[in-house]
Amino acid sequence: MSKKEALYIDEIYGRLKRKFGPVSCPLHYQKPYQLCVAVILSAQCTDEMVNRVTPELFKAFPDPRSLAEAPVAEVERLIHSTGFYRNKARNIQGFCRALVNEHGGKVPQTIEELVKMPGVGRKTANVVLQELYGISSGFVVDTHVLRLSRLLGLSHAKDAVRMEKDLMQKVPPKYWMDLSLYLIFLGRSACVARRPRCTECVLSDVCPSSTVDTKRPAPKKGRPSLHQD
DNA sequence: ATCCCGAGGG
DNA sequence: CCCTCTGGAT
């Protein structure tokens with residue numbers, strides 16, 4: 001990795017840190033098993049939506065055993081609005097069963113063990129390890145990180161697994177935890193997928209994909225655009 | 001590579 | 001109508 005690239009990453013990290021400050025997991029939870037369930041539910045769904053359904057879910061089933069033994073239909077009903085509700089219901093119940101039966105109710109501390117559990121992939125495992133134990137097992141790559149990393153030119157990997165490897169090589173481990181959250185926050189505020197608002201973005205003058213030109217007044221035509229208007 | 005799937009925004 | 005949202009299993 002070039003020195004220039006390292007400075008580029010430092011610059012991105014510094015700006016996002018200044019903008020967002022200290023960050024924490026946006027998912028609401030009281031107990032460790034609840035975080036795991038919330039992260040599984042967050043697949044292809046906003047965290048707001050997850051936070052909307054989990055209070056009732058955790059009130060109805062306050063521990064992993066009761067959630068594992070609950071009627072599937074009831075679990076499906078409670079999480080219905082998060083989408084993929086059949087898969088997710090099966091996954092969170094399978095997860096809770098594995099948690100109780102194979103891990104004594106305690107969330108595993110290694111990514112190898114976590115990934116073997118139902119509904120848990122690398123993204124979910126990385127989030128859980130970071131949030132619960134402060135372990136940086138990898139770089140959390142979700143749909144936002146995937147999109148923004150490409151726009152910023154940090155990685156052009158096609159899938160999340162390859163991009164994680166890529167980012168782990170380029171980004172210093174001390175940045176992993178916060179940078180993935182920063183990218184997610186930026187992807188949720190200014191750099192939204194549908195129509196990025198580059199004028200509101202703190203990275204616009206260093207981002208190779210920015211539609212804001214800081215040097216020239218304004219191109220009349222042929223503006224490099226990421227999308228069709 | 002494909003499927004799962006509802007909610008929200010443009 | 002279309003695309004997107006803190007993915008994972010097959």
Side-chain angles (χ1 to χ4, degrees), chain A residues 16 20 23-29 34-54 56-57 72-73 75-99 111-132 136-152 154-155 157-165 167 171 176-198 200 225-229:
Chain A
L16 293 177
F20 295 109
V23 283
S24 62
C25 178
L27 297 169
H28 298 163
Y29 69 99
Q34 296 178 340
L35 172 69
C36 301
V37 170
V39 179
I40 293 173
L41 288 178
S42 72
Q44 296 295 293
C45 164
T46 64
D47 53 340
E48 273 180 48
M49 183 59 69
V50 175
N51 289 334
R52 213 177 295 173
V53 306
T54 45
E56 265 198 81
L57 181 68
V72 197
V75 178
E76 288 182 354
R77 187 183 68 78
L78 286 166
I79 68 170
H80 182 271
S81 60
T82 65
F84 296 157
Y85 62 90
R86 277 192 282 263
N87 282 340
K88 287 177 180 177
R90 180 157 33 81
N91 284 337
I92 64 180
Q93 290 202 286
F95 176 86
C96 287
R97 197 171 303 121
L99 189 61
I111 192 164
E112 290 80 11
E113 289 179 284
L114 274 171
V115 167
K116 287 179 191 164
M117 300 176 75
V120 180
R122 287 197 62 88
K123 182 259 172 185
T124 299
N126 281 330
V127 170
V128 167
L129 287 173
Q130 275 179 26
E131 178 67 14
L132 246 38
S136 274
S137 53
F139 200 103
V140 174
V141 177
D142 68 337
T143 173
H144 289 302
V145 174
L146 202 64
R147 186 179 74 255
L148 297 218
S149 295
R150 284 175 183 154
L151 291 175
L152 288 166
L154 293 177
S155 169
K158 300 211 184 342
D159 60 279
V161 177
R162 279 186 238 183
M163 178 171 289
E164 184 186 353
K165 257 182 74 180
L167 292 177
V171 180
W176 291 358
M177 202 177 307
D178 287 347
L179 185 57
S180 68
L181 264 181
Y182 286 152
L183 291 176
I184 289 165
F185 286 149
L186 186 64
R188 235 175 45 175
S189 52
C191 193
V192 293
R194 195 67 79 92
R195 197 178 195 290
R197 297 188 289 272
C198 296
E200 303 173 18
S225 180
L226 302 168
H227 50 85
Q228 283 81 348
D229 283 329

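Letters go in sequence order (proteins before strands), and every chain restarts at 1.
- Taking the P atoms as reference points, C/dT6 lies 15 Å from B/dG10, given to the whole Å.
- For B/dC5, neither phosphate oxygen OP1 nor OP2 lies less than 4.0 angstrom from any side-chain nitrogen or oxygen of A/His80.
- A/Arg147 comes within 4.0 angstrom of sugar-phosphate atoms only, judged by non-hydrogen atoms across all strands, and of no base.
- The CG atom of A/Asn51 sits 17 Å away from the P atom of C/dC5 (whole-angstrom rounding).
- Backbone-only contact: A/Tyr85 has heavy atoms under 4.0 Å from sugar-phosphate atoms and none from a base.
- For the OP1/OP2 pair of B/dG8 and a distance below 4.0 Å, the side-chain nitrogens and oxygens of A/Arg52 include at least one atom meeting the criterion.
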Between A/Glu76 and A/Arg86, does the salt bridge (Lys or Arg N to Asp or Glu O under 4.0 Å) criterion hold? Intermediate values first, please.
CA-CA 6 Å; A/Glu76 288 182 354; A/Arg86 277 192 282 263; 5.6 Å; no
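- Rounded to the nearest Å, the gap between the C1' atom of B/dC4 and that of C/dC5 is 14 Å.
- Nucleotides B/dC5 and C/dC2 are separated by 16 Å at their C1' atoms, to the nearest Å.
- A/Val192 comes within contact range of no nucleotide atom at all, as no heavy-atom separation falls under 4.0 Å.
- Mapped onto DNA chain C by nearest heavy atom, A/Ile184 and A/Asn91 fall at different nucleotides, with A/Ile184 at the one closer to the 5' end.
- The separation between A/Glu76 atom CD and B/dC5 atom P is 8 Å, rounded to whole Å.
- Residue-level contact check: A/Leu181 touches the bases, meaning some heavy atom is under 4.0 Å from a base atom.
- For the residue pair A/Ser137 / A/Asn126, a side-chain donor-acceptor distance below 3.5 Å is found, with atom types taken as modelled.
- The residue among A/Pro118 and A/Arg188 whose nearest nucleotide of DNA chain C lies closer to the 5′ end is A/Arg188.
- Look at CZ on A/Phe84: it is 13 Å from P on C/dT6, rounded to the nearest Å.
- In terms of polar N and O atoms assigned as donor or acceptor, the side chain of A/Arg86 never comes within less than 3.5 Å of the base of B/dC4 in a complementary pairing.
- Nucleic acid contact for A/Thr124: sugar-phosphate only, since backbone atoms but no base atoms lie under 4.0 Å from a heavy atom of the residue.
- Summarising the geometry, the separation between CG on A/Leu41 and P on B/dC5 is reported as 13 Å, rounded to the nearest angstrom.
- In summary, of the residues considered (A/Ile79, A/Val53, A/Thr82), a side-chain contact (heavy atoms from CB on, under 4.5 Å) with A/Cys45 occurs for A/Thr82 alone.
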